[in-house]
Amino acid sequence: MNESNTSASSASVVQYEVVEQSVAVVRMNRPEYRNAQHSAMTYALDDAFYRAADDDAIKVIVLAGNGKHFSAGHDIGTPDRDIDRSYQRRASLWWDHTDKAGAASRYARESEVYLGMCRRWREIPKPTIAMVQGACVAGALMLAWSCDLIVAADDAFFADPTVRMGIPGVEYFAHPWQLGPRFAKEFLFLGERIDASEAQRLGMVNRVVPRADLEPTVLDMAKRIAKMPAMGLALTKRAVNQCEDLMGARDGMDAVFGLHHLAHAHNAELGLGSLAGHDARSMRDVVTGR
């Protein structure tokens, strides 16, 4: 593999690699924090996806995480998670969240970096594959669900424990379409892990393979997809996405995004603030199996 970084600011948190000139591998690179996504990583991922989308030689994009875990979700615990804002560039026409307070800041930020970016990544006109090992929790589900295919190692597990914090699921609310309405409720009500085999049974995961076979399996799949005509792949992806949206996915996400922010407002009214400490404990407990 030939490796090059998307930019100086993202060099340590996201890696960009090209495999045989046709497959781009975008790797989250904060293994010491279980690839928790702080703002620098989120915007670096956006840069990497733009880079792959703009390169005509790239036919397929693989999203991966270095280390034991794919990702433990949004970074809600490390001290420097949002200190440096120099990397940020606005990807929407809503106002900049960094100089606002209260709901104006939270709504703008989450519209931009959570719901907005995941939607744009879902619409990349090239097939995308999530390569998942270990934890895929909360905000990490949004990354995997934005991809067209999910291939999981047999040690992978999935969870969205946000109801523990009084919040009805992560911002990119794809649960009913990924899991079916009945199990989506169980998944959220309990906030417990499901393993890779259960995720495959539910239709959320395409394939489950031994951990040692994960990367070779994904890269082989990506190379075989890359042999297809680029326009055919783009139109096929658009066709399936449009059918999913006709089944209510886009409108449903918009509706639930409002409920998500009602939950934030409710917590603020009760004086619970951001619940940052409780958030960090909840996520850590799910990842460690407590």
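We count residues from 1, following the sequence as given.
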Can any side-chain N or O of [X] pair as donor or acceptor with the backbone N or O of [Y] at less than 3.5 Å?
| X | Y | answer |
| --- | --- | --- |
| N29 | S12 | yes |
| R193 | A159 | no |
| N35 | N66 | yes |
| D160 | V170 | yes |
| K68 | R34 | no |
| R119 | Y172 | no |
| S71 | A140 | no |
| H69 | A72 | no |
| N206 | L149 | no |

**OP:** With sequence neighbours left out, write down each residue that passes ring-ring contact (aromatic ring centres under 6.0 Å, His included) with Y114, or none if nothing qualifies.
**Re:** H74
**OP:** Can you sort out the partners of F49 under ring-ring contact (aromatic ring centres under 6.0 Å, His included), two or more places apart, ordered by chain and number?
**Re:** W121
Looking at residues at least two apart in the chain, or sitting in another chain, which of them share a side chain to side chain contact (heavy atoms under 4.5 Å, CB included) with [X]?
| X | answer |
| --- | --- |
| S22 | K59, A226 |
| Q133 | F70, A153, D155, R211, L214 |
| P210 | D154, D213 |

Subject >> Qualifying residues under side-chain hydrogen bond (donor to acceptor under 3.5 Å, both in side chains), relative to R201, sequence neighbours excluded >> reply: E198
**OP:** Output all residues satisfying side-chain hydrogen bond (donor to acceptor under 3.5 Å, both in side chains) with D220, sequence neighbours left out; order by chain, then residue number.
**Re:** R224
Original post:
According to the ring-ring contact (aromatic ring centres under 6.0 Å, His included) rule, which pairs have a member within residues 211-260, sequence neighbours left out?
Top reply: Y107-F257, F257-H261, H260-H264
**OP:** Sort and list the pairs that fulfil ring-ring contact (aromatic ring centres under 6.0 Å, His included) and have at least one residue in residues 122-146, not counting sequence neighbours.
**Re:** W145-H175
Original post:
Residues in salt bridge (charged side-chain N to carboxylate O under 4.0 Å, His left out) with D251, at least two apart?
Top reply: none
Original post:
Do E123 and K237 sit within salt-bridge range, that is, some charged N less than 4.0 Å from a carboxylate O?
Top reply: no
**OP:** List the atom of G252, the atom of W177, and the distance in Å for their closest heavy-atom pair.
**Re:** CA-CH2, 4.0 Å
**OP:** Mark yes or no: R51 above the aromatic ring of Y16, with NZ or CZ under 6.0 Å from the six-membered ring centre and no more than 45 degrees from the axis.
**Re:** yes
**OP:** Start with the C-alpha distance between C147 and I129, add both sets of side-chain angles, then the distance that settles side-chain contact (heavy atoms from CB on, under 4.5 Å), and finish with yes or no.
**Re:** CA-CA 6 Å; C147 293; I129 307 173; 5.9 Å; no
Original post:
Crowded around E269 CD? As in, over 12 foreign heavy atoms under 6.0 Å?
Top reply: no
Original post:
What residues join L190 in its hydrophobic cluster, counting side-chain heavy atom gaps under 4.5 Å, either direct or through other members?
Top reply: none
Original post:
Got a sec, which hydrophobics cluster with F173, joining ILVMFWY side chains under 4.5 Å apart, including via others?
Top reply: V163, L188, V256
Original post:
Under the salt bridge (charged side-chain N to carboxylate O under 4.0 Å, His left out) criterion, do D148 and R122 qualify, and how do the steps go?
Top reply: CA-CA 7 Å; D148 300 306; R122 174 182 177 256; over 6 Å; no
**OP:** Would you please test L233 and I225 for side-chain contact (heavy atoms from CB on, under 4.5 Å) and show each step?
**Re:** CA-CA 8 Å; L233 291 170; I225 293 172; 3.9 Å; yes
